Every structure is written in C-alpha cells, then in structure tokens.
Number of protein chains: 2
Amino acid sequence: MRLLPHPATEDIELTEVLRALSDPVRLEIVARLSVAGEMTCTVAGDDLGVHKSTASHHYRTLREAGVVLTKQVGRLKYMSLRRDDLDARFPGLLDSILRATLPAVLTSAEGTDAAAPVPARSGADA
Amino acid sequence: MRLLPHPATEDIELTEVLRALSDPVRLEIVARLSVAGEMTCTVAGDDLGVHKSTASHHYRTLREAGVVLTKQVGRLKYMSLRRDDLDARFPGLLDSILRATLPAVLTSAEGTDAAAPVPARSGADA
DNA sequence: CGTATAGTTGGATTGTTGTCAAACAATAAA
DNA sequence: TTTATTGTTTGACAACAATCCAACTATACG
C-alpha cells in the first residue's frame, strides 16, 4: 500500500483548491467521492464523458491541489476526499461547495445535524 | 446611476464563481470589497501590482461570474459584493472563502476574532 | 512466461487566460 | 471647449489547461 505524493495540510492553497474545483468534471469526481467515501479511479471516472487519460489528469490536479488523497493498493488506486485537512485549513469551504453541488442528495432526507455536515464520510464501501 | 449587466441570482454558476475566485488578484479584490463594502474600481485596484487594464479585466470577470455588482455614478464605478445573492445560491460559500482569505489580507487593525462572521457588510445595500 | 487490467505519460491540438500597452470613451472640472 | 480623471476595449503574446490518442508501466492472474 503506497501513498502518492500530496501537499501537506498547511501547504494547501486556497486558490489552488478553488481552481481545482472550478472544473465541472473535477467537481463531479469530488461529489462522487463525497458520497462513496473512497473509490478507485476507474469507478470515480466512470461515465464522466472524458477519455481515461483526461480523467487521470484530473485526478492528478485534485491530488496536487490537496483535495484528494490517493493510495495505491495492488494495481488499484483509491481516492478519497481530504475532508479533515480541508476543513482544518478552510473551515466550512468544502461543505458549502458540496451542499451547492449535491442539493438533491442532501436536502432530501438526513437529519442534517450541525455535527454531520454533508453526506457523512462513509469510509468503507462496496 | 446606471447598473451594468449582471447575471441573475439563479443564473450564477458555482464553477464560474470558484473560477473567478481562484485568481489571487481577484480574490484580493473580493477581500477588499468584503471589508470596505463598496469601492470604486480605482480604490479596489490600488496597489494590486497589475496594469489598470488588467484590473478592469478582473472586474469584468467578477461581475460576469456574479460575484460583484457594479453601478456607475458619474464617471465612477462602484463595486460591491453580491453577498445576499451568493449566500442565497451557495449558502456559506463566500463566508468560508472570506474567512480563509482575510487573515492574510488585513493583518492590520480589525480584531479578526474567530467568532465574528467575517467583516459585516458595510455597504448601503440591503 | 503471456495476457489482461488499471492507470500514467507524452505528444498534439485547440482553446482559454493573465498580462501589458496604447488607444479609446465618458464624465467632471476649469 | 479644453483638460483631467476613470475606467474599458482592442491587440498582441506567452503561459496554461482540457482533451484525445497512442504508447507505456506496473501489477495481477493463468
């Protein structure tokens, strides 16, 4: 299990995060990650409408901006949102963006208490 | 008093707002506006380190993204943040960005207490 | 070993963006 | 009317970014 190179929490730049999230494809990837918790690149990039190399480029952009964490297990690479790091550095930012991105997913059910903003991280998944 | 063309509140796109705010110069302009409430372009662009035509381009970008509202009074153009519109469309987004931005911007004066929700809007707007 | 799977890299292309400089437009003031 | 002030527009240009395709690496599985 290898961890790919990522910026340290304190090195995450606001403008880079905003730029990373200003692309619809990347925003969609992030939205999926927020729901699924952790996904392989193949799953995250499924039906995105772009070539796999393009998707790979977006994974890299997200990783280098400090938005996602990527770890390699075997020949698979798992991506997950760096929720805690982002929230520590820019409190409330990711939540507000996710809320604006996934209105249907959240505002539907969910007790939505202040302690559980946005889809709770569902760590383990299928 | 003339109002320049702006996108309607419901037409403000998240990705465009994020993109608009992903530029350091524009982010600085927005930070200044959040403190001053309303400024002329000259004041907002003072000491930004870019040519005035470049600043003008940024004003336009911010306006077209729906981030700022511009009204012309005489030969002056006053810009102000579209706080209410942005907050209605993307709750909490602008605040989280300003909170992450301001400490670095107004390192002087201002209590910058963590409890205060970003500088209060000092503009004459609603 | 050979083959399939997962994802990256390099090249090419096309389009976007940030920047400056100079010319311009509109308004206010003298 | 002439001049100064404010800001925009246009053109040029270099840097960047999104995309595809093809080739590549690395791991897993027979």
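Values below: all heavy atoms of this structure, side chains included; hydrogens, waters and symmetry mates excluded. Bear in mind the structure is a predicted one, so any value in this text is a computation, not a measurement. Here is how names work: the chains are called A, B, and so on, in the same order as the sequence lines, proteins then strands, and each is numbered from 1.
When heavy atoms are screened at a 4.0 angstrom cut-off, A/T40 is found touching the sugar-phosphate backbone but no base atom. Within the 4.0 angstrom heavy-atom criterion, no nucleotide atom of any strand lies near A/G45. Nucleic acid contact class of B/H58 (heavy atoms, under 4.0 Å, all strands): sugar-phosphate only.
Rounded to an integer number of Å, the gap from B/R60 CZ to C/dG18 P is 13 Å. Straight-line distance from the OH atom of B/Y59 to the C1' atom of D/dT8: 11 Å, rounded to whole Å. At whole-Å resolution of the value, CG in A/L4 and P in C/dA6 are 17 Å apart. Atom CG of B/D23 and atom P of D/dA15 are 17 Å apart (whole Å). Rounded to whole angstrom, the span from the NE2 atom of B/H51 across to the C1' atom of D/dG11 amounts to 13 Å.
Looking at which nucleotide of DNA chain D each of A/G49 and B/A55 is closest to, the 5′-most match is held by B/A55. Along DNA chain C, the nucleotide nearest to A/K52 and the one nearest to B/T61 differ in position, and the one closer to the 5' end is contacted by A/K52.
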Any chance you could lay out the side chain to side chain contact (heavy atoms under 4.5 Å, CB included) test for B/T40 and B/M79, step after step, and finish with the verdict? CA-CA 6 Å; B/T40 65; B/M79 283 188 298; over 6 Å; no
Let's go through B/Y59 and B/T70 carefully: what are the C-alpha distance in whole Å and the side-chain angles of both, what is the deciding distance for side chain to side chain contact (heavy atoms under 4.5 Å, CB included) to 0.1 Å, and is it a yes or a no? CA-CA 9 Å; B/Y59 305 149; B/T70 309; 5.9 Å; no
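In this structure, B/T54 does not reach the C/dG18 phosphate: none of its side-chain N or O atoms is under 4.0 Å from OP1 or OP2. Between B/H57 and C/dG18 there is a side-chain polar atom (N or O) within less than 4.0 angstrom of OP1 or OP2. Phosphate contact (OP1/OP2 of C/dT16, side-chain N/O of A/R19, threshold under 4.0 Å): absent. When the side-chain nitrogen and oxygen atoms of A/R2 are compared with OP1 and OP2 of D/dA26, none of them lie within a distance under 4.0 Å. Phosphate contact (OP1/OP2 of D/dT8, side-chain N/O of B/S56, threshold under 4.0 Å): present.
Cluster membership for B/L62 and B/L86, using ILVMFWY side-chain heavy atoms within less than 4.5 angstrom, is shared. By the criterion of side-chain heavy atoms lying less than 4.5 angstrom apart, applied directly or through intervening Ile, Leu, Val, Met, Phe, Trp or Tyr residues, A/M39 is not grouped with A/L69; the two fall into different hydrophobic clusters. Taken together through direct or relayed side-chain contacts under 4.5 Å among Ile, Leu, Val, Met, Phe, Trp and Tyr, A/L76 and A/L33 form parts of separate hydrophobic clusters. No continuous path of hydrophobic side-chain contacts links A/L48 to A/Y78 [ILVMFWY only; heavy atoms under 4.5 Å].
Among the nucleotides C/dT9, C/dT19, D/dA18, the one closest to any side-chain atom of B/V25 is C/dT19.
Contact of A/S53 with D/dC21 (side chain to base): a donor-acceptor pair of N or O atoms is detected under 3.5 Å.
For DNA chain D, the residues of residues 62-80 of chain A within the heavy-atom distance limit of 4.0 Å (strictly under) are A/G74, A/R75, sorted by number.
Between A/R19 and A/E13 there is no salt bridge, since no side-chain N of the basic residue sits under 4.0 Å from a carboxylate O of the acidic one.
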